[in-house]
Structure formats: structure tokens, C-alpha cells
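To start, the structure itself, in C-alpha cells.
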Amino acid sequence: MKKVTLLAALVLSTAAFSQKIKISEIHISSGNGSLGTQDGTLSDFAKLAPNSAILGMDLSQLTPYSYMYSNGFGLYSGSNSTSLQLGLQCAKMPKLTFRVGITHVSNFGLLSAHGGFTETARYDTLTSSQTGQQTFIDTSYSKSYHMNYSDQQIRLDGAMIFRMFPEKRWSLHAGLGASIGMSYRASTSIELWESSYNSTGNYGYGTGTTESFKNKNSLGAALYIPLGVDFCIGKKREFWMPFHLYAETRPSLNINSINGIGTSFSAGMSSAVGLRVKL
């Protein structure tokens, strides 16, 4: 009797829930930006790559410096993301849309360390036999290292969205969102470069050594504020009316955990463009 009562209660509660919340939209979006990068040290990367031959060398004469990476879209960034989400509508809160789904994040340079030095010395002196004028040729030698920790992440992603002027062709929206998930394909890459060239622009030589190491997976999360503009593709033709294009900017507070290093908190900024289909 208790099992029957419990089953009946479960069915009734599920039916009540389905009446109050319904799927009203589908979202597909892609974005890029910074989800929080930090400068590392040689000792940090010694923990991530304990078997590195490069880290076994004496790199003490190389001066550390910060370095930015391009994400392939012409912008300096630390991450790319792709999301598939559903828009949920609650009968008791008709002005709000709850956006829930999965986001894939690619982080590069999540932790990085860079250093280098250049020294110049007199290589040769050329003297004109006619005028006696001297031309000095200098040779420069440079050495640098680049170390990066990167990962891929699968996150559960949810946001509460409030729309302004939803009946218009152009509308605005704002809200509050959060995402959390685990990384995979976490890895560390280490590069060492040496080159020599003279003041005439001719290179003497250039050599590079690259190492790659796998790392354990860890946690990633963020709190963000979606701020966006939405455009309805169709206003007269019924086929196009459900389709909307939107763009968002998302200031965020990011939490990144790197196994063996620790957890960091950082501010970030990302942007995204997407397609919203009303059901």
C-alpha cells in the first residue's frame, strides 16, 4: 500500500511540475574570451611536468615576462566555448526564461610562464678601402622558454534571463548565470627556443625543443552576467518568426582548479553569438 501511495504521489508531482514549467526555446551559441588566466612559475611547471628535460636545464638567466595568446579569431583570449541549451518557462514567472544546458570550453594558456634574454656582441668590422669608413656588424643571441597548461571542459550551464521589449523585433536581455564542470585532456606544453642573427638581418641559426605532458583532470566553474541584444529574423513570414539571432557579453568571476597547483579566482570577460528558436 505504501509503495502504491508513493508511486501515485510521484506521478502527481511530476504532472504538476510539467504543467508549471515547459520548454519554450532552443539555444545554440559560440563564444570566446578570457575565463581567467594566471602567470605561473618554473616551480609550478616542475610540478606539472616533473620529467621535463628542459626544466632540468639552468634557466636562471632568463627573465620572466607576461605573454598574450591569440585565439584564432583575431582577438587575444584564453578560451573558446560552444553551448547547447533549452529555454524553460515557468507559469508563475512569465517574464523570466531559465536557460539550462551543456557548454564545452576550450582553455589555452590557463596557466603560463614565459622568459627570455638577448645578448649582443661585436661580430666584425668592415672598413672601406676608399673612404676608410667603418661598418660594424653585431651578432645577437636570444634564448626563450614558453610553458602553458591547457584543458578542455564540459560544464553544466544555467542562467536566469529577463527580457526587455520581447514583443519588438529588437530586444534586450540581462540576467545571472553559473556553470560548473570537469576538465579532460588537461596537458602541459614546454618549449625552448634559441636563435642567433646579425645586424644585417641574416640569421645564423634557430633551434627549438618542444615537450608535452598529460595532467590529471580538475574542476572549472564560473558566475557570470549575460548582457545581450536580440534580433527577430522574421516579422511577416510565419516560417522565420521563431528564429532569433542574439549577441551577449558576459563579465564573470571564474574558478579554476589545477591538480597539483591549487585553485584560483579571477575576473574575466567573454562574448558570444547565438541562435534562439522559439517553440
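Values below: every heavy atom of this structure, side chains too, minus hydrogens, waters and symmetry copies.
Listed for the N215 side chain is a donor-acceptor partner under 3.5 Å among the backbone atoms of L48. Proximity of a side-chain donor or acceptor of S183 to a complementary backbone N or O of A186 within less than 3.5 Å is not detected. Q85 contributes no side-chain N or O that, together with a main-chain N or O of G158, makes up a donor-acceptor pair within less than 3.5 Å. Judged by distance alone, the side chain of S24 and the main-chain N or O of G87 form a donor-acceptor pair under 3.5 Å. For the pair E211 (side chain) and A53 (backbone), a donor-acceptor distance under 3.5 Å is present.
Here the shortest heavy-atom pairing between S79 and V105 reads CB-CG1, 4.3 Å. Nearest approach of F45 to L55, heavy atoms of both residues: O-CD1, 3.5 Å. Heavy-atom minimum distance, C232 versus M241: SG-O, 3.5 Å. Nearest heavy atoms, S83 versus T103: OG-OG1, 2.7 Å. Nearest heavy atom pair, residue K216 against residue Y149, reads O-OH, 4.1 Å. In terms of heavy atoms, G40 sits closest to A113 at O-CB, 3.6 Å.
Linking ILVMFWY residues whenever their side-chain heavy atoms come closer than 4.5 Å, directly or via other members, leaves L253 and L176 in distinct clusters. Under the 4.5 Å side-chain heavy-atom criterion for Ile, Leu, Val, Met, Phe, Trp and Tyr, M269 and L223 are members of distinct hydrophobic clusters. Residues M93 and L88 fall within the same hydrophobic cluster, defined by Ile, Leu, Val, Met, Phe, Trp and Tyr side chains chained together at heavy-atom separations under 4.5 Å. I26 and M160 fall within a single hydrophobic cluster, where Ile, Leu, Val, Met, Phe, Trp and Tyr side chains are chained together by heavy-atom contacts under 4.5 Å. Cluster annotation: F162 is connected to L172 through the hydrophobic network of ILVMFWY side chains, with a link wherever side-chain heavy atoms come within less than 4.5 Å.
For E167, the CD atom counts as densely surrounded, since its 6.0 Å shell holds more than 12 non-hydrogen atoms of other residues, nucleotides or ligands. Atom CD1 of I23 has 12 or fewer heavy atoms from other residues, nucleotides or ligands within 6.0 Å. The neighbour count for R185 CZ, taken as heavy atoms of other residues, nucleotides or ligands under 6.0 Å away, does not exceed 12. Heavy-atom contacts from other residues, nucleotides or ligands closer than 6.0 Å to CD1 of I102 number 12 or fewer. Atom CZ of F243 has more than 12 neighbouring heavy atoms from other residues, nucleotides or ligands inside a 6.0 Å radius.
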From CA spacing to verdict: side-chain contact (heavy atoms from CB on, under 4.5 Å), M57, L192: CA-CA 10 Å; M57 301 177 182; L192 181 67; 3.5 Å; yes
Worked check of side-chain hydrogen bond (donor to acceptor under 3.5 Å, both in side chains) between T249 and S271: CA-CA 4 Å; T249 182; S271 60; over 6 Å; no
side-chain contact (heavy atoms from CB on, under 4.5 Å) assessment of D230 paired with R276: CA-CA 9 Å; D230 183 289; R276 178 169 70 98; 3.0 Å; yes
Worked check of side-chain hydrogen bond (donor to acceptor under 3.5 Å, both in side chains) between T41 and S43: CA-CA 5 Å; T41 64; S43 60; 2.8 Å; yes
Check against side-chain contact (heavy atoms from CB on, under 4.5 Å), I255 and L219: CA-CA 8 Å; I255 305 169; L219 178 72; 5.6 Å; no
Verdict with reasoning, N217 to N259, per side-chain contact (heavy atoms from CB on, under 4.5 Å): CA-CA 7 Å; N217 298 327; N259 199 296; over 6 Å; no
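With rounding to the nearest 0.5 Å, the separation of CD in Q89 from NZ in K95 is 12.5 Å. To the nearest 0.5 Å, the span separating OG1 on T210 from CD1 on I54 amounts to 7.0 Å. Distance check, rounded to the nearest 0.5 Å: OG of S179 to CG of L156 gives 9.0 Å. The distance from the OG atom of S218 to the CE atom of M182 is 6.5 Å, given to the nearest 0.5 Å. For the atom pair CG (L279) and NZ (K22), the distance works out to 9.5 Å, reported to the nearest 0.5 Å. Expressed to the nearest 0.5 Å, how far OG of S252 lies from CD1 of I225 amounts to 9.5 Å.
With contacts defined as side-chain heavy-atom distances shorter than 4.5 Å, the pair H27/Y246 qualifies. The shortest side-chain heavy-atom distance between N148 and T188 does not fall under the 4.5 Å cut-off. H173 places a side-chain heavy atom less than 4.5 Å from the side chain of E248. Looking at P64 and Y145, their side chains come closer than 4.5 Å, going by heavy atoms from C-beta outward. Counting heavy atoms from C-beta outward, F265 and N254 have side chains that stay 4.5 Å or more apart. Residues C90 and K92 are in side-chain contact: their nearest non-hydrogen atoms beyond the backbone lie under 4.5 Å apart. In this structure, I190 and F213 have side chains that are in contact, with non-hydrogen atoms separated by less than 4.5 Å. For the pair L110 and D151, the minimum side-chain heavy-atom distance is below 4.5 Å.
Under a 4.0 Å N-O distance rule, the pair K278/E25 does not qualify as a salt bridge.
Ring-plane geometry between W170 and F231 is classed as tilted, the angle between the planes lying from 30 to 60 degrees on a 0 to 90 degree scale.
The side-chain contact (heavy atoms from CB on, under 4.5 Å) with H114 is formed by just one residue from the set E191, H146, M147; it is H146.
Remark: R250 qualifies as a cation-pi partner of Y224 under the 6.0 Å distance and 45° angle criteria applied to the six-membered ring.
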